[in-house]
There are 2 protein chains.
Amino acid sequence: MSSENWLVKLRSQGYRLTDARRAVVETMAQSPRALTPADVHDLAKEQYPALGLVTVYRTLEKLEELHLVQRVHQEQGCNAYLAHADGHQHLLICESCKKAVYFEGDDLDDFFSDVGKKHNFTVKDHWLQLFGICEDCEKEK
Amino acid sequence: MSSENWLVKLRSQGYRLTDARRAVVETMAQSPRALTPADVHDLAKEQYPALGLVTVYRTLEKLEELHLVQRVHQEQGCNAYLAHADGHQHLLICESCKKAVYFEGDDLDDFFSDVGKKHNFTVKDHWLQLFGICEDCEKEK
DNA sequence: TCTATAATCGAAAACGATTTTCAACTAAAC
DNA sequence: GTTTAGTTGAAAATCGTTTTCGATTATAGA
Ligand SMILES: [Mn+2]
Ligand SMILES: [Mn+2]
Ligand SMILES: [Zn+2]
Ligand SMILES: [Zn+2]
């Protein structure tokens with residue numbers, strides 16, 4: 001669990017450590033799936049019942065700035081947050097339980113760059129995300 | 001310009017052809033970049049000044065149902081619409097002028113499927129988008 | 001061409017997610 | 001301890017989108 005490191009990083013940026021923040025940080029750091037602000041609020045309130053939804057928004061904003069979480073786009077919505085991977089990685093998401101796993105895709109950069117050339121673009125960045133069914137969810141059928 | 005075909009398709013689904021709809025359809029059919037509902041409203045009003053924003057929302061909804069347009073996700077927002085490509089294609093978007101170009105990526109399916117296997121996922125779908133700078137915008141510097 | 005009718009329209013109200021304001025509270029530096 | 005700037009949650013404001021509604025109109029059928 002990396003939530004200790006997250007708190008250290010927040011602290012090192014001059015942010016104070018409060019119970020409200022700790023609850024949000026620990027919720028995000030341990031979640032296997034992307035969470036909306038409302039999700040975070042519901043989950044983190046179990047640890048700190050007085051938590052306000054506003055504080056969830058404010059904390060997620062800081063965590064995103066520090067690259068500790070990233071926004072995840074999905075068919076159902078684009079306002080969910082997930083613990084960030086180290087470096088540049090892509091997501092594989094279970095359409096059933098929403099569990100998210102990171103993978104590398106360095107092998108693709110040449111292909112992307114070729115596509116760019118073909119259309120007279122200089123490719124600077126890309127978004128890649130895979131959707132499927134994880135082993136656990138497959139079994140449940 | 002495919003806007004005639006779009007109107008035929010709308011008509012064939014039982015929808016009526018109105019000036020308001022024609023303005024939205026023609027705006028979308030000819031745009032080289034993804035447009036937000038507000039963008040569409042601004043542009044289409046030049047052709048039909050009485051156009052209401054509500055009608056833009058309602059028409060985009062129908063066009064999406066008919067797969068004539070698709071929603072495009074970008075850093076700045078996820079509520080922009082673009083003329084749909086034939087079949088399954090991916091987008092290459094200019095970060096400067098927002099011009100969007102489609103490309104195929106059939107070559108990638110094996111890679112995606114392998115990534116899935118490695119993590120015990122059955123991959124069902126994927127989402128890929130490239131960002132860069134187009135030739136025209138490159139020149140302007 | 002005329003009529004009947006259900007689809008469509010835009011204005012205004014409602015809605016829901018997010019952001020801002022604000023006065024009370026508190027973590028942390030000294 | 002005391003001080004103070006950062007943080008809090010409640011409430012109000014904002015903003016994009018959807019719903020409601022009465023007026024208008026495209027279109028099928030006479
Ligand atoms: Mn990559
Ligand atoms: Mn593909
Ligand atoms: Zn799963
Ligand atoms: Zn999105």
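We name chains A, B, ... by the order of the sequence lines, and we start the count at 1 in each one. Because only heavy atoms are used, hydrogens play no part in the values below, and waters and symmetry mates are left out as well, while side chains stay in. Source: prediction; values computed, not measured.
Within a 6.0 Å radius of CD in E65(B), other residues, nucleotides and ligands contribute more than 12 heavy atoms.
Considering only side-chain N and O atoms, T18(A) lies under 4.0 angstrom from the phosphate OP1 or OP2 of dT8(D).
Shown for residues 65-75 of chain A: no residue has heavy atoms falling under 4.0 angstrom of DNA chain C. Taken residue by residue, residues 40-53 of chain A places heavy atoms nearer than 4.0 Å to DNA chain D at Y48(A), A50(A), L51(A), G52(A).
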If you restrict it to nitrogen or oxygen atoms, what contacts under 3.5 Å exist between nucleotides 28-30 of chain D and the protein, and what is each distance?
| from | atom 1 | to | atom 2 | distance (Å) |
| --- | --- | --- | --- | --- |
| dA28(D) | OP1 | R11(B) | NH1 | 3.2 |

Name the pairs: protein N/O against N/O of nucleotides 14-17 of chain C, kept only if under 3.5 Å.
none

Measure all distances between protein nitrogen or oxygen atoms and nitrogen or oxygen atoms of nucleotides 3-5 of chain C, and list the pairs falling under 3.5 Å.
none

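Checked by atom type and distance alone, the side chain of T36(B) pairs as donor or acceptor with a backbone atom of D39(B) at under 3.5 Å. Side chain of R58(A) to backbone of K62(A): no donor-acceptor contact under 3.5 angstrom is found.
Among residues two or more places apart in sequence or in another chain, the side chain to side chain contact (heavy atoms under 4.5 Å, CB included) test is passed with C78(B) by H73(A), C78(A), H73(B). Y102(B) is linked by a side-chain hydrogen bond (donor to acceptor under 3.5 Å, both in side chains) to Q70(B), counting only residues two or more places apart in sequence or in another chain. Scanning for side-chain hydrogen bond (donor to acceptor under 3.5 Å, both in side chains) contacts around T18(B) gives an empty result, with sequence neighbours left out. Take W127(A) and apply the side-chain hydrogen bond (donor to acceptor under 3.5 Å, both in side chains) test, not counting sequence neighbours, and it matches no residue. Taking S31(A) as the reference, nothing meets the side-chain hydrogen bond (donor to acceptor under 3.5 Å, both in side chains) condition, with sequence neighbours excluded. Remark: H90(B) engages H88(B), F103(B), H126(B) in a ring-ring contact (aromatic ring centres under 6.0 Å, His included) (not counting sequence neighbours).
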Could you go through the side-chain hydrogen bond (donor to acceptor under 3.5 Å, both in side chains) check for E138(B) and T122(A) one step at a time? CA-CA 8 Å; E138(B) 194 74 63; T122(A) 310; 3.2 Å; yes
Checking side chain to side chain contact (heavy atoms under 4.5 Å, CB included) for the pair L130(B)/I93(B): CA distance, chi angles, key distance, verdict? CA-CA 6 Å; L130(B) 306 186; I93(B) 299 174; over 6 Å; no
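Atom pair L17(A):CG and dT8(D):C1' shows a separation of 15 Å (rounding to whole Å applied). Rounded to whole Å, the distance from CD on Q13(B) to C1' on dT8(C) is 17 Å. As rounded to whole Å, 11 Å separates atom P of dA26(D) from atom CZ of R21(B). Residue E61(A) contributes atom CD, which lies 8 Å from atom P of dT20(C) at whole-angstrom precision.
P37(B) approaches V56(B) most closely through the heavy-atom pair O-CG1, 3.6 Å. Closest non-hydrogen pair, L17(A) versus L7(A), comes out as CD2-O, 3.7 Å. Here the closest non-hydrogen pair linking K98(A) and Q74(A) is CD-NE2, 3.8 Å.
Counting heavy atoms from C-beta on, the side chains of W6(B) and V25(B) come closer than 4.5 Å.
The V54(B) side chain lies nearest to dA11(C) when the options are dT7(D), dA11(C), dT8(C).
Using a 4.0 Å heavy-atom cutoff across all strands shown, R58(A) reaches at least one base atom of the nucleic acid.
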Return a table of donor-acceptor pairs under 3.5 angstrom between the side chains of residues 45-53 of chain A and protein atoms on other chains or two or more places apart.
| from | atom 1 | to | atom 2 | distance (Å) |
| --- | --- | --- | --- | --- |
| Q47(A) | NE2 | E26(A) | OE1 | 2.9 |

